[in-house]
Number of protein chains: 2
Amino acid sequence: MLILILIEFSKNKIYQSVYFVYICFMQTKSELTKQFILETVAPIFNKNGYAATSMSDLTEATGLTKGAIYGNFKNKETLAIAAFKFTVKALLKRIAKHLELSDSPIQKLFLISDFYRNYYDYSKQLGGCPVLNIGVDANNQNTLLLEHVKIVIEKIQDQIATIIENGIEAGEISTEINAMQYAKRIDTMIQGAVFMTYTMDDEFYIKDTMKQIDQMIHNDLKA
Amino acid sequence: MLILILIEFSKNKIYQSVYFVYICFMQTKSELTKQFILETVAPIFNKNGYAATSMSDLTEATGLTKGAIYGNFKNKETLAIAAFKFTVKALLKRIAKHLELSDSPIQKLFLISDFYRNYYDYSKQLGGCPVLNIGVDANNQNTLLLEHVKIVIEKIQDQIATIIENGIEAGEISTEINAMQYAKRIDTMIQGAVFMTYTMDDEFYIKDTMKQIDQMIHNDLKA
DNA sequence: CTAATAATATACCATTTGGTATATTTTAAA
DNA sequence: TTTAAAATATACCAAATGGTATATTATTAG
């Protein structure tokens, strides 16, 4: 009932459902609006790409006006970058959570392929794979955005490489293995599979590639 | 000297250098213009994507006016599709030529990885990999264009699968191998490598992936 | 409850968009 | 060289673009 009272407190239609959270945890009103804009706008940018997304697409989707959006974000590019970061943050958090299911490095590697096995369904909510979509879209178009994609890719590869290194230290993985090279191989195969799955609209690619990665882990990596 | 005389014959600046060829082999004037538009426009569409390419980009690049372009192509979409086909035709022809270097199916597979080993430099002339760029760009945006990308991917995979099947028949490749599955695996890895190479601007990915494919051919495929 | 401020909506801007009707030029045939 | 047709250039269109100045509304502190 406390929630209802607090809802009544606000005259704004959009935020009513999350207003309780806002009152309790959020800083300012605009912080909440920013959040709302980002989660609404992110999948649109991700789906359409930067140039194919117009500000009117965003005002329609959010139900807000340009005044509200430009009051919270300097311009379209800033918004697109913030949206990309928003999506990636959610994605990386989800992966990290999945990797908590085991402490064993080699099991963590299997958990990575396990995560991507269901990635088609999950990433559709995000408007597609942000790394692939924005990576291709930003190339030759938006240097700043491309830099952010690069950073994300490096981060993912570092994480995989660290897992492999931990596996080597733990004696689970052969000392012959070049951790970063294998991390890059796995990442490259995943991105290829994501591209093929989306373009052909066929999950065979992602399922089969994850099988292949599992085989690699079994045959090449294991000590 | 004959060439010079024929060049003098034309008052149009753009076509002078190829006018001899036109006089001898080409059908109509507009056929030549179409060709010229396509080869100029294709890398622009490929680099920028459909939405980020404006008609004025194309008139500037070609030195022609909208009248000339719309006189030869119904609209922007038709032109983009024709441009994609133009690029892919050149690419597939180049691959086919490279594959002529050997008659042995297993050697042809090695020639595929060999071709893509230098794909970064080559595809830059095309404005990037058309399959990757247009595939991602057209998704959620341009159904017709996406269909054409799908067809190209299927064609490439069929060709690889056929080579593998020929290898099986010739006794070079193990009968255990599922030709189409392996064709798709190879194609998926290539596309992943192309994406990573472009996005990270680092040829490691394409070079290393081709090594990996060669290893696969050696270890898994050979009879 | 009121005043100051923060957040959002409105109305507008010049520029660019894809596309077209028409005028002009270029070409090919007689 | 003249003429019909083909190809291209010009000038224009309404609609949409990203962005902004200002008016209006919500919010918060006193």
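Proteins get letters first, then strands, A, B, ... in listed order; numbering begins at 1 in each.
- D:dA16 atom P lies 16 Å from atom CG of A:Leu58, rounded to whole Å.
- Between A:Ser123 and A:Tyr198, the side chains place a donor N or O and an acceptor N or O closer than 3.5 Å (distance only, hydrogens not considered).
- If you measure from atom CZ of B:Phe73 to atom C1' of D:dA7, you get 14 Å, rounded to the nearest angstrom.
- A:Arg185 and B:Asp208 are joined by a salt bridge, as a carboxylate oxygen and a charged side-chain nitrogen come within less than 4.0 angstrom of each other.
- Applying the salt bridge (Lys or Arg N to Asp or Glu O under 4.0 Å) rule to pairs touching residues 143-156 of chain B yields B:Glu147-B:Lys150, sequence neighbours excluded.
- At whole-Å resolution of the value, CG in B:Leu32 and P in D:dA6 are 18 Å apart.
- Legend: residues meeting side chain to side chain donor-acceptor pair (under 3.5 Å) with A:Asp201, ordered by chain and number and at least two apart, are A:Tyr120.
- Side-chain contact of B:Thr33 with B:Asn72: a donor-acceptor pair under 3.5 Å is absent, judged by distance alone.
- If you take CD1 of A:Ile69 and C1' of D:dT17, they are 14 Å apart, rounded to a whole angstrom.
- Dense packing is recorded around NZ of B:Lys207, with more than 12 heavy atoms of other residues, nucleotides or ligands lying under 6.0 Å away.
- Phosphate proximity of C:dT8 to A:Asn72: present, with a side-chain N or O under 4.0 Å from OP1 or OP2.
- Distances shown here put a side-chain N or O of B:Thr33 below 4.0 Å from the OP1 or OP2 atom of D:dT8.
- Atoms CG (A:Leu64) and C1' (D:dA26) sit 14 Å apart, rounded to a whole Å.
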Taking N or O atoms only and anything under 3.5 Å, show me the protein contacts with nucleotides 18-22 of chain D, one pair per line.
from   : atom 1 : to      : atom 2 : distance (Å)
D:dG18 : OP1    : A:Thr53 : O      : 3.3
D:dG18 : OP1    : A:Lys76 : NZ     : 2.9
D:dG18 : OP2    : A:Met55 : N      : 2.7
D:dG18 : N7     : A:Lys66 : NZ     : 3.0
D:dG19 : OP2    : A:Tyr70 : OH     : 2.6
D:dG19 : OP2    : A:Lys76 : N      : 3.1
D:dG19 : N7     : A:Lys66 : NZ     : 2.7
D:dG19 : O6     : A:Lys66 : NZ     : 2.4

